[in-house]
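One structure below.
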Number of protein chains: 2
Amino acid sequence: MSKLGKPASLDEFDRKILSVLQRDNTTPQRTIGEAVNLSAPAVQRRIKRMTEEGVIEANVAVVDPGAVGQSITIFVEVEVISETLEQIRKAKREFVDAPEVQQCYYVTGEADFILIVIVSSMAEYEALTHRLFFDNPNVKRFRTFVAMDRVKVGLAVPV
Amino acid sequence: MSKLGKPASLDEFDRKILSVLQRDNTTPQRTIGEAVNLSAPAVQRRIKRMTEEGVIEANVAVVDPGAVGQSITIFVEVEVISETLEQIRKAKREFVDAPEVQQCYYVTGEADFILIVIVSSMAEYEALTHRLFFDNPNVKRFRTFVAMDRVKVGLAVPV
DNA sequence: GCTGAAAATAATTCACT
DNA sequence: AGTGAATTATTTTCAGC
């Protein structure tokens, strides 16, 4: 959910703090302060403000899918038939609600949605395709790409 | 980088801890302990072990791209000409080294790579396509999908 | 091996300048 | 925004299972 309240102008201090937190948010505020030439409380205040403004959306641990069952990462391009606002909203909701769907984007181009799905078996994926796609009369077409290697993974944003 | 050293067998405690940390890794260990019926030090030891084993790959802050310049998320399907091991490795390296490339997967299907790119303007994306694709004789074709909405974003894994 | 309890250390938060 | 005190969390040590 993006905060639309403010432009949330960030100064150079904020940007530097963010770039540290995107790599490792367990970095002590004191260490961050030394890196950006600010006291620890000042760093803390800025982090708190950016969290309240929604600049920092979440703080999460990144888990290796392979360690938790033999997980399979799959990309799915989905094309829908009707692109009315209501249909799009409904499709979004269905995709978001599926726990197997890790990331979902509404896109321009030859597809309408791109989904990143994580399952523990192809049988599970097949079941998911039935539930999300075949049983959905508004889905015209979908294409599957199975990831053989997660070459680079990150949610970081250039700051 | 996936740790291949051990199967890293996780018990129910580990899985519960992971599922908490994937939502919010700033949750105090004491609170986690109460949730999973374990003492704070026990929680801490398990987190440390899973971090060393690579089960926990990173701890990161998720930043709203819109807050940091008006960032644009783009998906790119890349098809290469030669799929020799050496060419694949070389392509991987080039994609990984580009800071605009946030996520990169090597996939089966009609494409060979799927990239998730974040740029602050289409001009920047165009420059990137020249650098990564047009100037690379091994790239046969690429397709661009511009994200209009990040419907769901997460790196969490079902545990 | 693992746990939980207590002490020591280090972090964060708050009042004040 | 910085300083220092108070609070809170994390880390280590250690005894017991």
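Chain letters run A, B, ... following the sequence lines, proteins first, then strands; residues in each count from 1.
- B:E34 has its CD atom 10 Å from the P atom of D:dA9, to the nearest Å.
- Around the CD atom of B:E34, the shell of radius 6.0 Å holds more than 12 heavy atoms that belong to other residues, nucleotides or ligands.
- Salt-bridge formation is not detected for the pair B:D112/B:K140: no Lys NZ or Arg NE/NH1/NH2 atom is positioned less than 4.0 Å from an Asp or Glu carboxylate oxygen.
- Taking B:K92 as the reference, A:D149 meet the salt bridge (charged side-chain N to carboxylate O under 4.0 Å, His left out) condition, with sequence neighbours excluded.
- Counting any heavy atom pair closer than 4.0 Å across all strands shown, B:R49 reaches no nucleic acid atom.
- The neighbour count for A:R30 CZ, taken as heavy atoms of other residues, nucleotides or ligands under 6.0 Å away, does not exceed 12.
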Tabulate protein N/O versus nucleotide N/O from nucleotides 11-13 of chain D, keeping only pairs under 3.5 Å, one per line.
residue	atom	partner	partner atom	Å
D:dT11	OP2	B:Q44	NE2	2.9

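- Under a 3.5 Å cut-off, the side chain of B:N138 and the backbone N or O of B:S82 do form a donor-acceptor pair.
- In this structure, the side chains of A:Y105 and A:F95 stay at 4.5 Å or more apart for every pair of heavy atoms.
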Report task. Determine, step by step, whether B:I114 and B:F145 satisfy the side chain to side chain contact (heavy atoms under 4.5 Å, CB included) criterion, reporting the C-alpha distance in whole Å, the side-chain angles of both residues, the deciding distance to 0.1 Å, and the verdict. Result -> CA-CA 11 Å; B:I114 291 182; B:F145 300 85; over 6 Å; no

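- Using a cutoff of 4.0 Å between basic side-chain nitrogens and carboxylate oxygens, A:K16 and A:E12 are not scored as salt-bridged.
- If you measure from atom CZ of B:R30 to atom C1' of D:dT8, you get 9 Å, rounded to the nearest angstrom.
- When DNA chain C is scanned in the 5' to 3' direction for atoms under 4.0 Å from non-hydrogen atoms of chain A, the outermost contacting nucleotides are C:dA11 to C:dC14.
- If you take CD1 of B:I17 and P of D:dT10, they are 13 Å apart, rounded to a whole angstrom.
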